Amino acid sequence: MKRLIIIQNDYSGAGKTTLSQCLHQYLESYKVPHHSVVLAESLDESLGRPQIEADQLRLPTLVSHLNESELVILEIESGLSQHFSKFYEKHELEQVLPEMGFEMTLLIPVTSEVESFDGALEAAETYSDTAQYLVVHTPTSSFYDDDDKIWDRSYPARVMDMFEAVDMNMPVCDQSLMQALKVRGTDLPQGMEQASESDVELHAEMTKWFRKVASQMDCVRKYLFGDAFRATVALAPPAAPKRTRKPRAKQLIMDYAA
């Protein structure tokens with residue numbers, strides 16, 4: 001089956017762009033054919049990736065991007081999740097996508113900020129059980145245990161349990177990488193684009209950090225990409241994704257309906 005990966009969370013700073021670029025770099029490292037596109041409020045010529053302007057979102061436009069590859073990554077900018085949800089429902093994409101041979105994976109980046117958890121509820125309300133869910137934890141500090149506890153006790157985490165979501169942790173950026181980015185007056189997504197062998201220090205720090213990212217993605221590779229992961233280089237077998245909590249579907253469905 002083909003695979004459409006949607007990255008969304010209206011909480012600004014959750015890590016959508018970083019995550020999208022990490023997926024692209026990971027797939028590039030294995031020479032996996034794929035296509036990335038951004039649903040944006042307005043076009044940004046400096047972005048360097050295909051974009052769909054929100055006001056110009058039409059079914060033929062989306063279909064044209066889906067026809068680019070069997071593995072498509074759609075990043076939805078902050079503030080546009082509801083816009084895409086209405087489009088999804090209006091055009092009955094829950095039927096159109098399977099007819100085109102596409103399965104869906106929803107990537108929902110969250111931080112330790114409780115407000116960022118709402119993205120999980122919004123995704124579940126729109127896509128329900130027509131998609132798989134991967135909750136990506138973006139660190140706001142080096143204390144992952146504290147971040148995990150906040151998420152684990154939340155209602156959105158229980159809703160994700162109901163849909164058997166898988167969790168993935170993005171690695172913390174160490175001080176040397178943060179300093180290299182600060183000196184260059186840039187952030188992590190821009191740093192990923194700018195890092196090249198001509199900038200030895202930034203390239204080395206970014207490579208070191210991305211190895212940790214790749215290790216996390218190896219663990220969820222089959223779940224995330226499915227059969228659309230068709231590499232042209234030799235692969236190491238990925239570990240099975242870890243489901244950290246057992247779904248409590250019956251009670252959660254009652255809670256969610258309420």
Side-chain angles (χ1 to χ4, degrees), residues 1-9 16 19-39 49-50 52 57-76 81 84-109 119-120 122-136 159-168 213-214 216-243 247 249:
M1 290 286 286
K2 302 174 186 178
R3 184 65 59 103
L4 170 61
I5 297 173
I6 297 177
I7 304 173
Q8 74 170 57
N9 189 337
K16 295 181 291 295
L19 181 56
S20 179
Q21 290 183 234
C22 285
L23 289 179
H24 170 70
Q25 189 166 329
Y26 181 81
L27 293 168
E28 282 287 292
S29 67
Y30 288 107
K31 306 299 181 186
V32 177
H34 64 284
H35 176 69
S36 295
V37 59
V38 180
L39 178 64
R49 285 184 289 164
I52 303 173
L57 179 61
R58 304 288 187 274
L59 185 57
T61 304
L62 178 63
V63 169
S64 69
H65 284 280
L66 294 175
N67 287 336
E68 289 288 331
S69 177
E70 294 189 357
L71 177 53
V72 178
I73 301 166
L74 172 61
E75 176 192 343
I76 300 177
S81 293
F84 186 78
S85 294
K86 291 179 179 177
F87 173 84
Y88 181 90
E89 293 168 353
K90 176 183 177 181
H91 295 284
E92 300 181 334
L93 292 185
E94 73 279 3
Q95 298 177 22
V96 172
L97 290 172
E99 288 173 0
M100 294 181 65
F102 275 93
E103 296 175 325
M104 274 196 308
T105 300
L106 262 291
L107 264 65
I108 308 167
E122 292 169 0
E125 183 177 353
T126 299
Y127 307 104
S128 187
D129 58 0
T130 63
Q132 296 184 153
Y133 297 88
L134 179 64
V135 179
V136 181
V159 171
M160 287 292 98
D161 279 347
M162 183 178 72
F163 294 110
E164 300 186 336
V166 166
D167 295 278
M168 187 188 104
V213 176
Q216 292 294 316
M217 289 191 174
D218 283 342
C219 296
V220 297
R221 188 167 69 207
K222 182 64 177 177
Y223 181 86
L224 175 57
F225 302 115
D227 295 336
F229 190 95
R230 296 178 180 174
T232 57
V233 297
L235 304 173
K242 182 180 179 181
R243 289 186 171 87

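Everything quoted here is computed from the prediction, not taken from an experiment.
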Handout entry: Evaluation steps, side-chain contact (heavy atoms from CB on, under 4.5 Å), between Leu107 and Leu224
Key = CA-CA 9 Å; Leu107 264 65; Leu224 175 57; 3.2 Å; yes
Handout entry: Straight-line distance of Glu89 CD to Phe84 CZ, nearest 0.5 Å
Key = 10.5 Å
Exercise for the section: Verify, without hydrogens or angle tests, whether Lys16 (side chain) and Asn9 (backbone) share a donor-acceptor contact under 3.5 angstrom. Expected result: yes
Problem - Heavy-atom side-chain proximity of Glu68 to Pro50 below 4.5 angstrom - result: no
Handout entry: Over all atoms of both residues, closest heavy-atom pair of Ser85 and Thr126
Key = OG-OG1, 2.9 Å
Problem - Leu97 vs Met104 side-chain heavy atoms within contact, under 4.5 Å - result: yes
Problem - Approximate separation, where rounding is to 0.5 Å, of Thr130 OG1 and Glu103 CD - result: 11.0 Å
Handout entry: Mutual orientation of the aromatic rings belonging to His35 and His65 [parallel < 30°, tilted 30-60°, perpendicular > 60°]
Key = parallel
Practice task
Could you tell me how the ring of Tyr26 sits relative to the ring of Phe229: parallel (under 30°), tilted (30 to 60°) or perpendicular (over 60°)?
Solution key: tilted
Practice task
Spell out, as yes or no, whether a donor-acceptor pair under 3.5 Å connects the side chain of Thr232 to the backbone of Lys31.
Solution key: yes
Problem - Identified side chain to side chain contact (heavy atoms under 4.5 Å, CB included) counterpart of Ile5 within the set Leu74, Leu106, Leu71, Leu19 - result: Leu71
Practice task
Kindly indicate whether the side chain of Cys22, heavy atoms from C-beta on, has any atom under 4.5 Å from the side chain of Met217.
Solution key: yes
Practice task
Find the distance between CG (Leu39) and CD1 (Ile52) and round it off to the nearest 0.5 Å.
Solution key: 6.0 Å
Fill in the blank from the handout: With sequence neighbours left out, the residues meeting salt bridge (Lys or Arg N to Asp or Glu O under 4.0 Å) with Asp129 are none
Fill in the blank from the handout: Value for CD1 (Ile108) from CD (Glu122), rounded to nearest 0.5 Å, stands at 9.5 Å
Completion exercise
Of all heavy-atom pairs linking Ser128 and Phe163, the shortest is C-CE2, 3.5 Å
Handout entry: Val37 and Leu62, any side-chain heavy atoms less than 4.5 Å apart
Key = no
Practice task
Would you mind reporting whether His24 and Arg49 have side-chain heavy atoms less than 4.5 Å apart?
Solution key: no
Handout entry: Separation of Asp167 CG from Met160 CE (nearest 0.5 Å)
Key = 10.0 Å
Fill in the blank from the handout: When every non-hydrogen atom of Ile7 is compared with those of Leu23, the smallest separation belongs to CD1-CD1, 3.8 Å
Exercise for the section: State, with a plain yes or no, whether a side-chain heavy atom of Phe225 is found less than 4.5 Å away from one of Val32. Expected result: no
Problem - is_close_aromatic(Tyr127, Tyr88), centroid dist under 6.0 Å - result: yes
Exercise for the section: Specify the closest pair of heavy atoms between Leu4 and Leu66, including all atoms of both residues, with the distance to one decimal. Expected result: CD1-CD2, 4.0 Å
Problem - Expected output: side-chain Tyr133 to main-chain Asp161 donor-acceptor under 3.5 Å - result: no
Completion exercise
Here the gap from Glu28 atom CD to Gln21 atom CD, rounded to the nearest 0.5 Å, amounts to 12.5 Å
Handout entry: Residues in salt bridge (Lys or Arg N to Asp or Glu O under 4.0 Å) contact with Arg230, at least two apart in sequence or another chain
Key = Glu70
